[in-house]
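All remarks here apply to the structure that follows.
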Amino acid sequence: MPNRVFIIGSVFLLVWRRRGAYLTARHFPRGALMIRWSQQLIPTLREAPAEAEIPSHQLMLRAGLIRKLAGGLYTFLPLGHRALRKVEQIVREEMDRAGALEVLMPAMHPQELWEQTGRFGVLKEVMFKIKDRQERNLVLGPTHEEVVTDLVAHEVQSYRQLPINLYQIQTKFRDEIRPRFGLMRAKEFIMKDAYSFDMNLEGVERSYRAMYTAYERIFKRAGLRTKAVEADTGAMGGSASHEFMVLADAGEDGVIECDACAYAANLERAEGVGRGEKVFADADKTPAVVATPNRKTITGVATFFQTTPARLIKTLIYLADEKPVAVLVPGDREVNEIKLKRALKCAALALADDVMISKVTGAPVGFAGPVGLTIPVIADEKLQGYRGAITGANQADAHLVNVDLARDAQVGTWGDLSNANAGDGCPRCGQGQLVAKRGIEVGHVFKLGTKYSEALGAGYLDPDGQRKIAIMGCYGIGVTRTLQSVIEQSHDANGIVWPISIAPYQVEVLPINVAHGPTMEAALKIAAELEAAGFDVLFDDRDERPGVKFKDADLLGLPIRVNVGEKGLAKGVLEIKLRHTGEMRTAAPEQAFAAVQAAAAELRQAVTPA
RNA sequence: CGGGGCGUAGCUCAGCCUGGUAGAGCACUGGUUUUGGGAGCCAGUUGUCGUAGGUUCAAAUCCUAUCGCCCCGACCA
C-alpha cells in the first residue's frame with residue numbers, strides 16, 4: 001500500500017501545474033470508490049429556494065441531494081441516492097434478520113383486484129388510475145395489501161407454510177391532496193411494506209412484536225430518535241396499531257405523551273382526563289339571555305364575560321351523512337373529527353355551512369347553543385356535569401348564561417369527541433400530565449385481522465384438514481420520508497449532520513490548496529488509505545477558496561472531515577474534524593488513518609442498537 | 001376541493017400601484033491579485049417577464065382566461 005501511494009503521489013506531482021491544475025482518473029487508485037468532487041454532481045446552493053419551508057427540505061435542495069421535477073415529484077441526485085440506498089440497506093438487513101422474505105410486487109394493479117376488497121371505493125380518490133391500450137382499468141398501487149394477499153391466496157395452501165412475512169421496498173403512488181415539504185409527502189415515494197400471515201392470535205402477536213423490534217433497530221441504526229405511539233387504524237382497518245414518530249416541530253401529526261409513564265398516542269386517538277372545574281358560579285340559577293354584540297368567537301365571549309374558555313360550551317353544527325347534528329365540546333377544546341366520526345358511525349362528516357347553521361339554530365354563525373335545538377345533540381363526555389356554563393343563545397348577538405347541561409338541554413349521545421389537551425391527566429397512570437408535541441410518522445405497524453385474507457381467499461388447511469383464514473398484519477416504513485426525517489432531526493445552522501450509518505460518504509478529505517504539491521500528496525495518501533480500508537471517501541479536489549470548501553463541507557454534513565493544509569503540514573499534522581460536535585483533532589500523517597478509524601468507531605456506537 | 005399568496009436570469013429578489021420597451025446581489029466564463037471559513041479588481045454571458053388572448057401608439061406593468069408553484073385545512077408512509 002505505501003508503495004502504491006508513493007507512486008500515485010509522484011505521478012500526480014509530475015503532471016501538476018501551477019495554474020489550471022487538474023487531476024485525472026490515472027492519479028487515483030484503479031477501481032477506487034474515492035470520488036473527486038469535481039467529477040461528481042453536487043450542485044450546492046448558497047441560498048434556499050423559496051419553495052422549501054422546513055429545514056430538511058431546504059437542506060436537501062441546498063446540499064444537492066434532490067431536485068424537484070414537479071409538485072411532489074423529486075429526482076435523487078447522486079448524494080441523495082447514496083443516502084437513500086443506505087437507508088434501504090439497513091431496512092433490508094433488519095427485515096431479513098426478523099425473518100421476513102423480500103419480494104417485489106408490481107406497482108401497477110388491475111383495478112378489479114381493488115374492487116374485490118371494496119377498497120377501490122374507499123381509496124379511489126388517492127389512486128392514480130390509468131388504462132392500457134385494451135382499455136383495461138389499472139391503478140398505480142398506493143399500498144399492497146390486495147396484491148400480496150392475492151399472491152398468498154394462490155401460493156399458500158397448508159399450515160406448514162405458515163407463518164410467513166413478505167416484504168418489499170418499492171415505489172408507491174398516491175394522488176395526495178397536497179404534496180408538501182419535499183419528500184415528506186410526495187406523490188411518488190419509496191416505502192418498505194411487509195405483510196404477515198399467521199394462523200392464530202398468538203402468531204399475530206409474535207409477528208407484530210418481531211416487526212416492532214425490527215423497527216426500533218432500523219430507526220436506531222439510521223440515527224433517528226423515534227417514539228412509538230398508539231395510533232388510529234384509519235382506512236386500513238384492523239385492531240391495534242402503533243406509529244413510529246420522529247418528534248419534530250415540522251411534524252404533521254400531533255403526539256400526546258405522559259410525563260410520568262410510557263403512555264404516548266397520536267392526537268387522533270389520545271385520551272385526556274380533564275381536570276378543570278365543571279360547576280361554575282351561579283350554577284343553580286336559571287338560564288338567562290345576555291346581549292353579546294359581535295362576540296362570535298370563544299375568546300371574544302370569554303373576554304366579554306371575564307371568564308375562561310373552559311366555562312363555555314362550544315357548539316358546532318356538522319353534517320353527518322348529510323344530516324345535521326350539534327356537537328358540543330368544552331370551549332377550551334377542539335373537536336376531534338376522527339373520534340366524532342366513530343361515535344356517529346357515519347361515512348361522511350363535514351362542518352355545516354352558514355346557511356345550514358342559521359336554518360338549524362335560527363342564528364348566524366357564532367351564536368349556536370344546545371338549549372332548544374331540535375336536531376340530535378352529541379356531547380363530549382368532558383361536559384358531563386357542566387353547570388353554570390355559557391353557551392350561544394341561538395339568536396343573533398346573544399349568549400345564554402347559567403346553563404346546566406343536563407337540566408337545560410337534550411343531549412342524545414355522550415362520547416369522547418375532543419382532542420386531549422396539554423396539561424390533561426394521563427388516562428393510564430392517572431398521575432402524570434399530558435404533554436403535546438409534533439411528530440413525523442415514519443413507520444406504522446398494524447394488526448389487520450382477516451379483512452383482506454377473507455375477501456381474497458387467503459386460507460390454508462390446518463392439521464385437522466379444516467380450512468382456515470390467515471390472520472394478517474401489515475407494517476410500513478416510509479423510506480424516503482425516513483431519509484428526510486433524519487435531516488430534519490439532525491442539522492444545525494451550517495447544514496446537515498449525517499449519522500455515519502447513512503451519510504452519502506463517511507469521510508471528506510479536504511486539501512485546502514490544491515495547487516500546493518505537498519498538500520495534495522498528503523491528502524491523496526490519507527484518502528487512499530481510508531479507501532483501501534473500506535471507507536466511502538469524498539475528495540474535494542476543487543480549486544476553490546478554503547472558505548467555500550469549508551462551507552460546502554458543513555452543508556453536506558459528512559461525519560468526518562480530514563483537512564490537509566500547509567499550516568497543519570508545517571506543524572506535522574492533519575486535522576480531523578467531527579461534524580456533529582465540531583471537535584477538531586490533529587494527528588501526524590502516519591497516524592491520521594488510525595485517528596479517523598477511531599472517530600468512525602465512536603460515531604458507529606451512536607447508531608448501534610442495544 | 002375551500003381559503004390565502006406567488007410566477008421577472010441558474011438561485012434570492014426589485015421593477016407592477018402611477019404603462020414608455022428589463023435590473024441588483026449571488027452564480028457562471030475569461031483575465032488578474034489573493035489563498036485556513038462563502039475574497040478584491042477588470043471584462044463578459046445569461047431573460048419566450050409562466051402561457052394565451054384582450055385594451056393601448058406603446059404592456060413585466062391594466063383586463064380576461066389558463067397553467068404551474070407555495071402556505072393553511074380534510075388524507076397518509
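Chain naming here is simple, since letters A, B, ... match the order of the sequence lines and numbering starts at 1 in each.
When the P atom is compared between B/G2 and B/G10, the two are found 33 Å apart, to the nearest whole Å. As rounded to the nearest Å, B/G23 and B/C63 have P atoms that lie 25 Å from one another. With both ends at atom P, the span from B/A14 to B/A9 equals 12 Å, rounded to whole Å. One C1' atom belongs to B/C17, the other to B/C11, and the distance between them is 27 Å to the nearest Å. If you take atom C1' in B/G37 and the same atom in B/C41, they sit 22 Å apart, rounded to whole Å. Distance check on atom P: B/C42 versus B/G4 gives 49 Å, rounded to whole Å. Spacing between B/U51 and B/G31 at atom C1', rounded to whole Å, works out to 42 Å. Straight-line distance between the C1' atoms of B/C49 and B/A60: roughly 5 Å, to the nearest whole Å.
Side-chain atoms of A/N266 never come within 3.5 Å of backbone atoms of A/R269 as a donor-acceptor pair (strictly under, hydrogens ignored). Within the 3.5 Å criterion, the main-chain N or O of A/L45 finds a donor-acceptor partner in the side chain of A/R62. With hydrogens and angles disregarded, no donor-acceptor distance shorter than 3.5 Å links the side chain of A/R438 to the backbone of A/V255. Judged purely by atom type and a 3.5 angstrom limit, A/R585 has no side-chain atom pairing as donor or acceptor with the backbone of A/L574.
Pairing for B/U64 is with B/A52, a Watson-Crick or G-U wobble pair whose two hydrogen-bonding atom distances lie under 3.5 Å. Pair assignment for B/A14: none, as no Watson-Crick or G-U wobble contacts are both less than 3.5 Å. Applying the Watson-Crick and G-U wobble criteria (two distances, each under 3.5 Å), B/U21 pairs with nothing in any strand. B/G44 is paired with B/C28 under the Watson-Crick or G-U wobble criterion, all donor-acceptor distances under 3.5 Å. Pair assignment for B/C69 gives B/G5, based on Watson-Crick or G-U wobble hydrogen-bonding distances that are each under 3.5 Å.
For the pairing with A/R561, the side-chain contact (heavy atoms from CB on, under 4.5 Å) check across A/I576, A/D554, A/L578 returns one residue only, A/D554. Looking at A/V442, A/T226, A/V229 one by one, the single match for side-chain contact (heavy atoms from CB on, under 4.5 Å) with A/M245 turns out to be A/V229.
In A/Q40, the CD atom is crowded: over 12 heavy atoms of neighbouring residues, nucleotides or ligands sit closer than 6.0 Å.
Aromatic pair A/F219/A/F244: centroids less than 6.0 angstrom apart.
The distance between atom CZ of A/R119 and atom P of B/C75, rounded to the nearest whole Å, is 16 Å. Between A/I512 atom CD1 and B/U34 atom C1' there is a gap of 16 Å when expressed in whole angstrom units. One can place CG of A/L340 at 14 Å from P of B/A74, the figure rounded to the nearest angstrom. Between A/R269 atom CZ and B/C76 atom P the separation is 15 Å, expressed in whole Å. Here the P atom of nucleotide B/G73 and the CD atom of A/E252 are 9 Å apart, to the nearest Å. Counting to the nearest Å, the P atom of B/C76 and the CG atom of A/N266 are 11 Å from each other. In this structure, A/R185 atom CZ and B/A74 atom P are separated by 10 Å, rounded to whole Å. The distance from atom NE2 of A/H516 to atom P of B/G36 is 12 Å, rounded to the nearest whole Å.
When heavy atoms are screened at a 4.0 angstrom cut-off, A/A570 is found touching no nucleic acid atom at all. Here A/D193 lies out of heavy-atom contact (under 4.0 Å) with every strand. Among the heavy atoms of the strands lying under 4.0 Å from A/A48 are primed sugar atoms or P, OP1, OP2 only; no base atom is included. Within 4.0 Å of A/E575, counting heavy atoms only, lies at least one base atom of the nucleic acid. Within the nucleic acid shown, A/E243 has no heavy atom closer than 4.0 Å to any nucleic acid atom. Within 4.0 Å of A/G568, counting heavy atoms only, lies at least one base atom of the nucleic acid.
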Test side-chain hydrogen bond (donor to acceptor under 3.5 Å, both in side chains) on A/E441 and A/H444; report intermediate values, then the result. CA-CA 7 Å; A/E441 182 188 354; A/H444 203 156; 2.7 Å; yes
Which atoms of nucleotides 37-47 of chain B (N or O only) lie under 3.5 Å from a protein N or O atom, and what are those distances?
unit_1: B/G37; atom_1: O6; unit_2: A/R561; atom_2: NH2; d: 2.9
unit_1: B/G37; atom_1: O6; unit_2: A/K577; atom_2: NZ; d: 3.0
unit_1: B/G37; atom_1: N1; unit_2: A/D554; atom_2: OD2; d: 3.0
unit_1: B/G37; atom_1: N2; unit_2: A/F550; atom_2: O; d: 3.4
unit_1: B/G37; atom_1: N2; unit_2: A/D554; atom_2: OD2; d: 2.2
unit_1: B/G38; atom_1: O2'; unit_2: A/R46; atom_2: NH1; d: 2.5
unit_1: B/G38; atom_1: O2'; unit_2: A/R46; atom_2: NH2; d: 3.1
unit_1: B/G38; atom_1: O6; unit_2: A/R62; atom_2: NH2; d: 3.4
unit_1: B/G38; atom_1: N1; unit_2: A/D552; atom_2: OD1; d: 3.2
unit_1: B/G38; atom_1: N2; unit_2: A/D552; atom_2: OD1; d: 3.4
unit_1: B/A39; atom_1: OP2; unit_2: A/R545; atom_2: NE; d: 3.3
unit_1: B/A39; atom_1: N9; unit_2: A/R545; atom_2: NE; d: 3.4
unit_1: B/A39; atom_1: N9; unit_2: A/R545; atom_2: NH1; d: 3.4
unit_1: B/A39; atom_1: N7; unit_2: A/R545; atom_2: NE; d: 3.4
unit_1: B/A39; atom_1: N7; unit_2: A/R545; atom_2: NH1; d: 3.4

Review item, nucleotides 65-70 of chain B N/O atoms under 3.5 Å of protein N/O:
unit_1: B/C69; atom_1: OP1; unit_2: A/G71; atom_2: N; d: 2.8
unit_1: B/C69; atom_1: O3'; unit_2: A/K68; atom_2: NZ; d: 2.9

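Of the residues near RNA chain B, A/N513 and A/E176, the one whose nearest nucleotide (by heavy atom distance) lies more toward the 5' end is A/N513.
In terms of polar N and O atoms assigned as donor or acceptor, the side chain of A/E566 never comes within less than 3.5 Å of the base of B/G36 in a complementary pairing. Under 3.5 Å, the side chain of A/R174 and the base of B/C75 form no donor-acceptor pair of N or O atoms.
One finds a salt bridge joining A/R542 and A/D552 here, because a Lys/Arg side-chain nitrogen approaches an Asp/Glu carboxylate oxygen to under 4.0 Å.
Within the cation-pi definition used here (under 6.0 Å to the ring centroid, within 45° of the axis), A/K172 does not qualify as a partner of A/F189. Under a cutoff of 6.0 Å and an axis angle of 45°, A/R82 and A/Y505 form a cation-pi pair.
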